[in-house]
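Following: one structure in structure tokens, then a few remarks.
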Amino acid sequence: MTDQKHLAQIGVVGLAVMGSNIARNFARHGHTVAVYNRSPERTDALIADHGDEGTFLPAKTIEEFVSSLQRPRRALIMVQAGKATDAVIGQLADAMKEGDIIIDGGNSLYTDTIRREAEMRARGLHFVGAGISGGEEGALNGPAIMPGGPAESYESLGPLLESIAAEVDGVPCCTHIGPDGAGHFVKMVHNGIEYADMQVIGEAYHLLRYAAGMEPKEIAGVFREWNTGDLNSYLVEITAEVLDQVDAETGRPLIDVIVDAAGQKGTGRWTVKAALDLGIPVTAIGEAVFARALSGARAQRSATTGVLPSGTIAGPVSADERERFVEDVRRALYASKLVAYAQGFDEIRAGSEEHGWNVDPRDLATIWRGGCIIRATFLNRIRDAYDADPDIQSLLLDSYFTGEMVDLVDSWRRVVINATRQGLPVPVFASSLSYYDSLRAERLPAALIQGQRDYFGAHTYERTDRPGHFHTEWSGDRSEVQA
Ligand code: NBP
């Protein structure tokens, strides 16, 4: 029998930027790490450049890789999501034995993870879909990790993953999320929230720049100041850095040199698609995804710019009003952000109920405080809210959030009005305010929609004064009948 001591505790397949950084992170934490990549050049480069950071066992074939792992074998896949992941899972499964663990750390679609977990279970293997956030820097120095899959596999895998995850107040940013696709589902929604968070920051910048006429450097200072308060977060911090950057070639602010067409890899879109299926209004995430799509519609935009009338009914904010406007924008940003997070957590609750995952939202608020892109101080508030009431209907109903809204809502309205008067787009600020007003409204126009549906399709409606379903004989004598 092979001497287990000299074998690796974990192996990483796929040594592009994410995989090689995670492998280095494991090695730096004293684990022996088996490494394999389809093209051997990447394996060679990792060993040549970083082989002295710990103990690596480089493999030339998947069979050699698998046989260099301690039992139960733990192999982390970090390859492109989709077909490449399926191909690698197939190769590993053929070489592995019952009880071994395959971990997919890529950005896989959670329904793929559900399918793969069932397939691997049927072969006696454990399959763990693990969301990993933090980009390449996080992968190297401490990401947030959201592993799903069988709880049993977490016993042997958890301590390894926790050892390389970020830590906040001594708590690792990694915990078992729930069965099969739960980990990838919450990672997907995390990314959706990230889209909304980035968009609201973008809208705040846009208003300071074009409604208040401030320069990027000045705005960088504003974001730096905001980062010391409620808005303290990684995304606000890096926003200041980006806005401060000067283009070496032209001497202009870098932000003015970057083409204003935002890319996307698909996790935001998946979040919205899943929300549509679950019937959960994630308006902030939806608007953020559409805003990226619209920014990328460059031919359409250049055809309409200067052609469609602006109809603006106000000029820029005056110097006297600027200080108050900046504070209003801060509040509008915070309020919109609260809505985005509340909606994201609604989607996670609905997904968890739909799939029977039993995801604890407090775990997410805890592990997202470090390592990941949406890390923010205010996640502590979300954890407190779920501690106080694990079944709360909406995060906005928690006393902290409700109290904040009292302070924020007037400013939020002023900002949306101001932007509209100046013809500046604020899709997430505005739609989040509409969501907020819809949520708290005593009556919605949905009553009229029910009337229309009953008129053309006899879909029936409920009455406010007694139970049952009713239909009006619209094309007859217009009397009402109980359905
Ligand atoms: P990429 O997503 O760019 O994938 C490149 C890796 O996939 C290479 O190792 C490549 O091997 C391998 N690969 C491909 Br492509 N097809 C393969 C196949 N058929 N068989 C075996 N290997 C194959 O790498 P990444 O940017 O490091 O991301 C890895 C995963 O982590 C992805 O799922 C990504 O979505 C996720 N993720 C990325 C980030 C980020 O910030 N980049 C953050 C969080 C999660 P080769 O060298 O032989 O071509």
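What you see is a predicted model, and the numbers here were worked out from it, not measured in a lab. Count residues from 1 along the sequence. All ligand and atom numbering here is 1-based and tracks the order in the structure.
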Which residue holds the protein heavy atom closest to [atom], what is that atom called, and what is the gap in Å?
{"atom": "atom 45 (C) of ligand 1", "value": "Asn107 ND2, 3.5 Å"}
{"atom": "atom 9 (O) of ligand 1", "value": "Asn37 OD1, 2.7 Å"}
{"atom": "atom 4 (O) of ligand 1", "value": "Gln80 N, 3.4 Å"}
{"atom": "atom 26 (O) of ligand 1", "value": "Val17 CG1, 3.6 Å"}
{"atom": "atom 5 (C) of ligand 1", "value": "Ala16 CB, 3.8 Å"}

Open item on the list: For Phe65 and Tyr36, take the angle between the two ring planes, folded into 0 to 90°, and tell me which bin it lands in: parallel under 30, tilted 30 to 60, perpendicular over 60.
Closed with: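 Aromatic pair Phe65/Tyr36 classed tilted.
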
When you compare the side chains of [X] and [Y], does any donor N or O come within less than 3.5 Å of an acceptor on the partner?
{"X": "Gln343", "Y": "Thr283", "answer": "yes"}
{"X": "Thr250", "Y": "Asp247", "answer": "yes"}
{"X": "Arg116", "Y": "Ser108", "answer": "yes"}
{"X": "Tyr334", "Y": "Arg330", "answer": "no"}

Task: Member of Asn141, Asn25, Leu140 meeting the side chain to side chain contact (heavy atoms under 4.5 Å, CB included) criterion with Ile164 - done: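 Running side chain to side chain contact (heavy atoms under 4.5 Å, CB included) over Asn141, Asn25, Leu140 with Ile164 returns exactly one hit, Asn25.
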
TODO: Could you check Tyr234, Phe345, Tyr341, Phe378 and say which one makes a ring-ring contact (aromatic ring centres under 6.0 Å, His included) with Trp368?
DONE: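 Going through Tyr234, Phe345, Tyr341, Phe378 one by one, the ring-ring contact (aromatic ring centres under 6.0 Å, His included) with Trp368 is satisfied by Phe345 alone.
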
- [ ] Considering non-hydrogen atoms only, spot the tightest contact between Ile285 and Thr271 and give its length.
- [x]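 Heavy-atom minimum between the residues: CD1-CG2, 4.1 Å.
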
TODO: Over all heavy atoms of both residues, which pair between Val12 and Gly14 is shortest? Give the atoms and the distance, please.
DONE: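 Looks like CG1-O, 3.8 Å.
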
Run the numbers for me: atoms of ligand 1, each under 4.0 Å from some heavy atom of [X], listed by number.
{"X": "Gly14", "result": "9 (O)"}
{"X": "Leu15", "result": "9 (O)"}
{"X": "Ser39", "result": "46 (P), 47 (O), 48 (O), 49 (O)"}
{"X": "Met78", "result": "29 (C), 31 (O)"}
{"X": "Ala81", "result": "33 (O)"}

Open item on the list: For a salt bridge (Lys or Arg N to Asp or Glu O under 4.0 Å) check, start with the C-alpha distance between Lys60 and Asp44, then their side-chain angles and the critical distance, and finish with the verdict.
Closed with: CA-CA 10 Å; Lys60 292 260 182 270; Asp44 296 344; 3.6 Å; yes

TODO: Going by heavy-atom distance to atom 41 (O) of ligand 1, choose the closest among Gly266, Gly135, Pro143.
DONE: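 Among Gly266, Gly135, Pro143, the closest heavy atom to atom 41 (O) of ligand 1 belongs to Gly135.
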
Open item on the list: Evaluate Arg38 for polar contact with ligand 1, using N/O atom pairs at a separation under 3.5 Å.
Closed with: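 Such a contact does occur with ligand 1.
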
Open item on the list: Does ligand 1 come near enough to Lys187 that some N or O of the ligand is less than 3.5 Å from an N or O of the residue?
Closed with: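 Checking ligand 1 against Lys187, no N or O pair falls under 3.5 Å apart.
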
Heavy-atom distances under 4.0 Å are what count here, so tell me which part of [X] touches ligand 1: side chain, backbone, both or neither.
{"X": "Ile132", "answer": "backbone"}
{"X": "Met18", "answer": "both"}
{"X": "Val88", "answer": "side chain"}

- [ ] May I ask you to decide whether Arg115 forms a salt bridge with Asp180, counting only side-chain N to carboxylate O separations under 4.0 Å?
- [x]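 Here Arg115 does not pair with Asp180 in a salt bridge, since their nearest N and O are not under 4.0 Å apart.
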
Task: Per-atom contact, atom 20 (N) of ligand 1, protein heavy atoms, under 4.0 angstrom - done: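 So atom 20 (N) of ligand 1 has protein heavy-atom neighbours under 4.0 Å.
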
